[in-house]
2 protein chains.
Amino acid sequence: MDHLKFHTDKLRASGLRPTKQRLAISKILFNRKETFHFTIDQLKKIAEKNIKKKISVATLYNTVHAFEKKGYLKEISLKGNKTFFDTNTRSHHHFYDEETSQLTDIKNENISISNLPKAPNGKKIRDIEVTIKVASNNQKQKNLV
Amino acid sequence: MDHLKFHTDKLRASGLRPTKQRLAISKILFNRKETFHFTIDQLKKIAEKNIKKKISVATLYNTVHAFEKKGYLKEISLKGNKTFFDTNTRSHHHFYDEETSQLTDIKNENISISNLPKAPNGKKIRDIEVTIKVASNNQKQKNLV
DNA sequence: ATGCAGTTTATAATGATTCTAAACTATAAG
DNA sequence: CTTATAGTTTAGAATCATTATAAACTGCAT
Ligand SMILES: [Mn+2]
Ligand SMILES: [Mn+2]
Ligand SMILES: [Zn+2]
Ligand SMILES: [Zn+2]
């Protein structure tokens with residue numbers, strides 16, 4: 001694997017030992033052209049399929065949170081009980097299909113937001129997240145004024 | 001209480017019996033001028049303060065979900081383990097202060113969104129949710145380009 | 001007043017996530 | 001190449017939010 005050294009170096013540079021588990025998870029998460037949106041449970045299923053030796057759920061949680069803390073993953077705001085993560089750590093937006101829980105990235109430059117009201121008392125805007133909920137063509141649309 | 005008959009009628013009209021518990025919760029949730037954003041846990045604490053006879057958590061969940069199903073509440077998309085509800089059931093947006101978990105409504109007409117990319121394959125836009133994260137003035141801002 | 005479907009409740013069950021503490025391992029030093 | 005050790009993994013327990021269960025209760029039609 002050609003990515004191996006890359007992942008090893010990246011982990012070491014972040015102060016994380018390049019263990020078998022972290023390298024295997026890195027491979028699943030980051031050897032992709034497209035953004036990957038996932039829950040721990042989905043990651044677990046993929047790991048079970050692709051890795052001979054089982055990775056414990058504790059390690060999946062530990063690793064995902066370590067990667068998040070180092071800035072290689074970010075958490076996404078969605079309804080529901082499970083936490084979603086995103087390999088795209090840039091500020092960006094999403095299409096969200098609630099029927100399939102499928103997320104699709106929208107680059108910030110592909111949406112224009114204007115006329116922002118001013119932030120509350122002594123607060124400053126840090127980030128803007130737009131979520132566009134989509135559904136099959138036969139559903140009813142809300143009043144978007 | 002002058003709102004009592006209003007809540008009683010509203011519940012009956014929705015096919016929900018106006019029980020003591022539902023009326024007490026309605027009073028907490030809907031006797032307000034401003035939008036109320038809350039978790040079940042926050043609602044529980046308010047109920048404990050304001051209602052002599054304890055309302056069980058099961059009833060809090062049942063009632064909130066009944067109100068949601070009838071269209072009097074809606075669930076909000078946020079990070080974290082707890083579910084947030086909103087007494088403003090219109091399509092609208094939020095300022096979100098992650099430090100305090102405080103939400104503030106922004107009316108749809110107070111934000112302009114343009115240049116939307118087209119929705120994925122055979123999907124139609126149903127709703128747009130903008131969340132503007134704010135923080136104390138001393139924090140660093142993300143690159144919003 | 002009676003009957004009963006709808007509702008509430010305590011409690012158990014579930015599901016996601018975090019904690020614990022013992023076993024394991026990457027790696028720095030000798 | 002050993003050895004020592006801090007960092008890591010792991011199974012399982014613990015915790016937290018939410019949902020299910022099923023028995024007791026109550027609003028309301030008759
Ligand atoms: Mn996290
Ligand atoms: Mn709900
Ligand atoms: Zn994304
Ligand atoms: Zn709101």
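By convention in this document, chain letters (A, B, ...) are assigned in the order of the sequence lines, proteins followed by strands, and residues within each chain are numbered from 1.
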Only distances under 3.5 Å count here; give the side-chain donor-acceptor pairs of residues 17-26 of chain A to other protein atoms, sequence neighbours excluded, each with its distance to 0.1 Å.
unit_1: Thr19(A); atom_1: OG1; unit_2: Arg22(A); atom_2: N; d: 3.2
unit_1: Arg22(A); atom_1: NH1; unit_2: Arg17(A); atom_2: O; d: 3.0
unit_1: Ser26(A); atom_1: OG; unit_2: Arg22(A); atom_2: O; d: 2.9

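- In this entry the distance linking CD of Glu68(B) with C1' of dT19(D) reads 14 Å, nearest Å.
- The CD1 atom of Ile76(B) sits 11.0 Å away from atom OG1 of Thr39(B), with the distance rounded to the nearest 0.5 Å.
- Inspection of the Tyr96(A) and Ser77(B) side chains reveals no N or O donor paired with an N or O acceptor under 3.5 Å.
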Treating primed atoms plus P, OP1 and OP2 as sugar-phosphate and everything else as base, which nucleotides of nucleotides 5-15 of chain C get B, S or - for protein heavy atoms under 4.0 Å?
BSSBBB-----

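- If you check the side chains of Asp105(A) and His93(A), you find no donor sitting under 3.5 Å from an acceptor.
- Atom NZ of Lys44(A) is separated from atom C1' of dA11(D) by 14 Å (rounded to the nearest Å).
- Rounded to whole Å, the distance from NZ on Lys69(A) to C1' on dG7(D) is 14 Å.
- Annotation: salt bridge (Lys or Arg N to Asp or Glu O under 4.0 Å) contacts of Lys10(B) (sequence neighbours excluded): none.
- Where Ile40(B) and Arg12(B) meet DNA chain D, the nucleotide closest to each residue was compared, and Ile40(B) sits on the side nearer the 5' end.
- For His65(A), no side-chain nitrogen or oxygen approaches OP1 or OP2 of dT17(C) to under 4.0 Å.
- Atom-to-atom, CG of Leu60(B) to C1' of dT19(D) comes out at 14 Å; the value is rounded to the nearest Å.
- dT18(D) atom P lies 11 Å from atom CD of Gln42(B), rounded to whole Å.
- Taking atom OH of residue Tyr61(A) and atom C1' of nucleotide dT8(D), one finds them 19 Å apart after rounding to whole Å.
- Note on ring orientation: taking the six-membered ring where Trp is involved, the planes of His7(B) and Phe30(B) are tilted (angle from 30° to 60°).
- Leu23(B) has its CG atom 13 Å from the C1' atom of dT26(D), to the nearest Å.
- Using a 4.0 Å heavy-atom criterion, one finds that Thr39(A) contacts no nucleic acid atom at all.
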